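All values below were derived from every heavy atom in this structure, side-chain atoms included, with hydrogens, water molecules and symmetry-related copies excluded. Every value quoted in this text rests on a predicted model; they were computed, and no experiment measured them.
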Amino acid sequence: MRYREARVVPFDVPGHKHGKGNPDLTAFLGERCMAVDVNSMKPLDNLCHPVSVIKDAEALAAQAFGAANCFFMVGGTTAAVQSMVMSVCKEGDKIIMPRNVHRSAINALVISGAVPVYIDPGINDRLGIPLGSDTAEVEKAIKANPDAKAVFVNNPTYYGICSDIKKIAAIAHENKMACLADEAHGTHFYFGEACPISAMEAGADLAAVSMHKSGGSLTQSSLLLLSENAVSSGLLSEGYVRAVINLTQTTSASYLLLSSLDISRRNLALNGAALVRKVSETAEYARGEIAKIGGYYAFSAEILNGRNAYAFDKTKLSVHTRDIGLAGIEVYDLLRDRFDIQIEFGDIGNILAYISVGDKWKDIERLVSALAEIKRRFSKDKAGLLHYEYINPKIIMSPKEAFYGERRAVDIRESVGRVSGEFVMCYPPGIPILAPGELITKEILEYILYSKEKGCSLTGTEDMGIERIKVISE
């Protein structure tokens with residue numbers, strides 16, 4: 001703000017020169033926004049090598065989140081997850097992880113050459129959704145792979161399910177392994193009084209946190225947290241993690257994103273407890289109202305089992321739709337196209353409405369009313385609907401070996417028995433149905449074709465129509 005008030009004459013980039021060079025964009029975004037879309041310089045610091053204002057902002061964020069160091073990320077949590085994995089794994093290193101990770105984690109394996117040791121997250125039979133990491137399965141994987149470098153945990157999953165991350169971190173450390181947490185959907189864990197335990201409090205070494213999801217910052221802004229234990233034990237240093245981040249993060253960081261991280265951190269530090277309490281109460285009210293409709297199942301902590309479903313994030317409004325004869329993606333489309341309501345995602349059997357402090361009670365009532373109307377007008381027999389969201393894959397080769405190997409395109413309907421050379425996933429949530437190096441089975445193909453038929457947004461293949469897929473050449 002001091003820079004803006006100084007009325008500096010810009011002979012640097014960006015070329016719009018505080019908006020004067022692009023009046024249409026200035027009219028769209030506003031003069032105030034364009035005036036602070038600036039380039040790195042001494043008074044404003046540099047994200048690649050922060051020594052002043054950015055360093056101070058990151059230190060305040062580290063304090064707020066209970067970390068030794070915090071790194072501002074402007075490539076989304078995708079960049080944070082990739083930097084996290086690459087900070088502890090090199091070519092050929094093993095990393096233990098659930099298969100229902102976000103594609104960014106598998107992308108990190110393609111880039112780094114690390115080799116996954118997948119643990120089956122298990123499935124909730126009623127909902128058909130993947131769960132968290134069973135501590136017993138983690139221990140089993142560690143015993144079978146004592147040379148692994150890290151254990152990776154989703155905390156929470158997209159559906160709000162958490163593992164016993166504190167115990168997993170302790171087991172990892174007992175076996176000289178790092179514990180990494182994808183906390184994309186858990187920013188509020190650090191501030192909510194009744195939330196599941198946060199990764200830093202649980203003892204994780206690194207955590208990727210999506211401030212733009214439940215923290216209020218601008219889309220694409222995120223944090224990577226480094227724990228006190230990781231630093232004091234000599235596992236990692238601030239300088240090394242930043243060097244890894246700088247391998248892929250832009251040298252032209254957006255000050256709009258950076259400032260949104262700082263302002264949102266301040267808001268959470270001062271008001272977080274009250275804000276998260278309100279969100280939890282709103283989501284709980286919505287669950288109760290949806291239950292009154294009948295047919296839908298807005299699930300919560302009752303699905304916990306003490307193993308791979310250890311804790312539940314009650315701010316998540318996840319709703320099972322299959323009992324009214326509609327796939328989640330069909331309800332998602334109806335809400336948007338017929339009722340002008342945009343929810344986070346719909347998959348084969350569930351929808352997720354992301355609740356935040358920005359939601360008003362009348363918005364919740366509108367959502368509930370729309371769901372009731374959808375049931376009344378569009379419900380049908382559920383015969384023929386798929387009942388699972390996750391298929392445990394068979395790994396044939398590492399993601400990097402498959403992605404960079406000799407590949408050829410085949411009709412996806414004729415791909416059964418071949419090894420995939422690319423991803424196939426519904427986005428959101430971005431969890432791969434199929435990843436490079438995995439066997440294409442009849443069950444997986446049926447799932448892909450069913451998802452496509454129901455209207456899921458499928459991505460990952462070079463062929464934009466998902467009609468052909470690259471497989472490993474024989």
Side-chain angles (χ1 to χ4, degrees), residues 47-52 54-73 77 79-90 93-97 105 108 112 114 133 135 138-139 141-142 145-155 162-184 186-187 189-191 195-209 211 222-247 249 261 265 268-269:
L47 185 60
C48 295
H49 189 82
V51 295
S52 59
I54 295 176
K55 181 181 178 181
D56 293 343
E58 288 184 334
L60 285 167
Q63 182 182 21
F65 283 83
N69 299 104
C70 176
F71 306 90
F72 283 5
M73 307 295 296
T77 309
V81 168
Q82 291 173 350
S83 296
M84 181 167 67
V85 172
M86 292 189 294
S87 291
V88 297
C89 292
K90 302 180 180 64
D93 286 345
K94 294 179 183 177
I95 179 169
I96 297 167
M97 59 170 57
S112 68
S133 296
T135 307
V138 173
E139 286 187 289
I142 287 175
N145 301 273
D147 55 339
K149 299 295 184 182
V151 178
F152 186 103
V153 187
N154 292 327
N155 192 68
C162 297
S163 309
D164 187 353
I165 186 173
K166 186 173 183 178
K167 189 170 182 180
I168 290 172
I171 295 168
H173 293 154
E174 287 169 9
N175 290 273
K176 310 301 181 186
M177 298 179 189
C179 179
L180 313 180
D182 181 347
E183 219 166 18
T187 305
F189 286 9
Y190 292 86
F191 306 96
C195 287
I197 192 171
S198 68
M200 288 293 103
E201 186 179 353
D205 298 293
L206 286 164
V209 179
M211 277 287 277
S222 183
L223 304 175
L224 179 58
L225 305 177
L226 174 62
S227 75
E228 294 281 359
N229 178 70
V231 175
S232 62
S233 67
L235 174 67
L236 292 165
S237 68
E238 176 189 6
Y240 180 72
V241 174
R242 194 177 300 279
V244 172
I245 291 170
N246 286 341
L247 290 174
Q249 180 150 266
L261 284 170
R265 180 274 313 158
L268 288 172

Non-hydrogen side-chain atoms of [X] and [Y] separated by less than 4.5 Å:
{"X": "I171", "Y": "V151", "value": "no"}
{"X": "M73", "Y": "S83", "value": "yes"}
{"X": "F189", "Y": "E201", "value": "no"}
{"X": "V244", "Y": "F71", "value": "no"}

When you measure from the side chain of [X] to the backbone of [Y], do you find a donor-acceptor pair of N or O atoms at a distance under 3.5 Å?
{"X": "D182", "Y": "A184", "value": "yes"}
{"X": "S227", "Y": "A67", "value": "no"}
{"X": "D205", "Y": "C179", "value": "yes"}

Which heavy atom of [X] sits nearest a heavy atom of [Y], and at what distance?
{"X": "C89", "Y": "K149", "answer": "SG-CB, 4.2 Å"}
{"X": "A199", "Y": "Y190", "answer": "N-OH, 3.6 Å"}
{"X": "S133", "Y": "V138", "answer": "CB-CG2, 4.1 Å"}
{"X": "M86", "Y": "S112", "answer": "CG-CB, 3.9 Å"}
{"X": "S222", "Y": "V209", "answer": "OG-O, 2.7 Å"}
{"X": "L224", "Y": "A80", "answer": "CD1-O, 3.8 Å"}

Applying side-chain contact (heavy atoms from CB on, under 4.5 Å), name anything that partners L268, two or more places apart in sequence or on another chain.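 Applying side-chain contact (heavy atoms from CB on, under 4.5 Å) to L268 gives T187, F191, M211.
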
Of all residues at least two apart in sequence or in a different chain, which pass the side-chain contact (heavy atoms from CB on, under 4.5 Å) check with A61?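 Scan of A61 (side-chain contact (heavy atoms from CB on, under 4.5 Å), adjacent residues dropped) gives C70, F72, R265.
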
Between H49 and N246, is there a side-chain donor-acceptor contact under 3.5 Å, judged purely by atom types and distance? no

Not counting sequence neighbours, list each pair that qualifies as a salt bridge (Lys or Arg N to Asp or Glu O under 4.0 Å) and has a residue in residues 54-64. E58-R242

How long is the gap from [atom1] on [X] to [atom2] on [Y], to the nearest 0.5 Å?
{"X": "I197", "Y": "I165", "atom1": "CD1", "atom2": "CD1", "result": "8.0 Å"}
{"X": "L180", "Y": "N155", "atom1": "CG", "atom2": "CG", "result": "12.0 Å"}
{"X": "S87", "Y": "L206", "atom1": "OG", "atom2": "CG", "result": "6.0 Å"}
{"X": "E139", "Y": "K167", "atom1": "CD", "atom2": "NZ", "result": "6.0 Å"}

Check: residues 230-237 side-chain donor-acceptor pairs under 3.5 Å, at least two apart:
{"unit_1": "S232", "atom_1": "OG", "unit_2": "E228", "atom_2": "O", "d": "3.0"}
{"unit_1": "S232", "atom_1": "OG", "unit_2": "N229", "atom_2": "O", "d": "3.3"}
{"unit_1": "S233", "atom_1": "OG", "unit_2": "N229", "atom_2": "O", "d": "2.8"}
{"unit_1": "S233", "atom_1": "OG", "unit_2": "A230", "atom_2": "O", "d": "3.3"}
{"unit_1": "S233", "atom_1": "OG", "unit_2": "L235", "atom_2": "N", "d": "3.4"}
{"unit_1": "S237", "atom_1": "OG", "unit_2": "Y240", "atom_2": "N", "d": "3.1"}

side-chain hydrogen bond (donor to acceptor under 3.5 Å, both in side chains) partners of [X], counting only residues at least two apart:
{"X": "K166", "result": "none"}
{"X": "S198", "result": "none"}
{"X": "N69", "result": "E238"}

Taking salt bridge (charged side-chain N to carboxylate O under 4.0 Å, His left out) as the definition, give me every residue that meets it alongside K94, ordered by chain and number, with sequence neighbours left out.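 Testing K94 for salt bridge (charged side-chain N to carboxylate O under 4.0 Å, His left out), a comparison that skips the adjacent residues, returns D147.
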
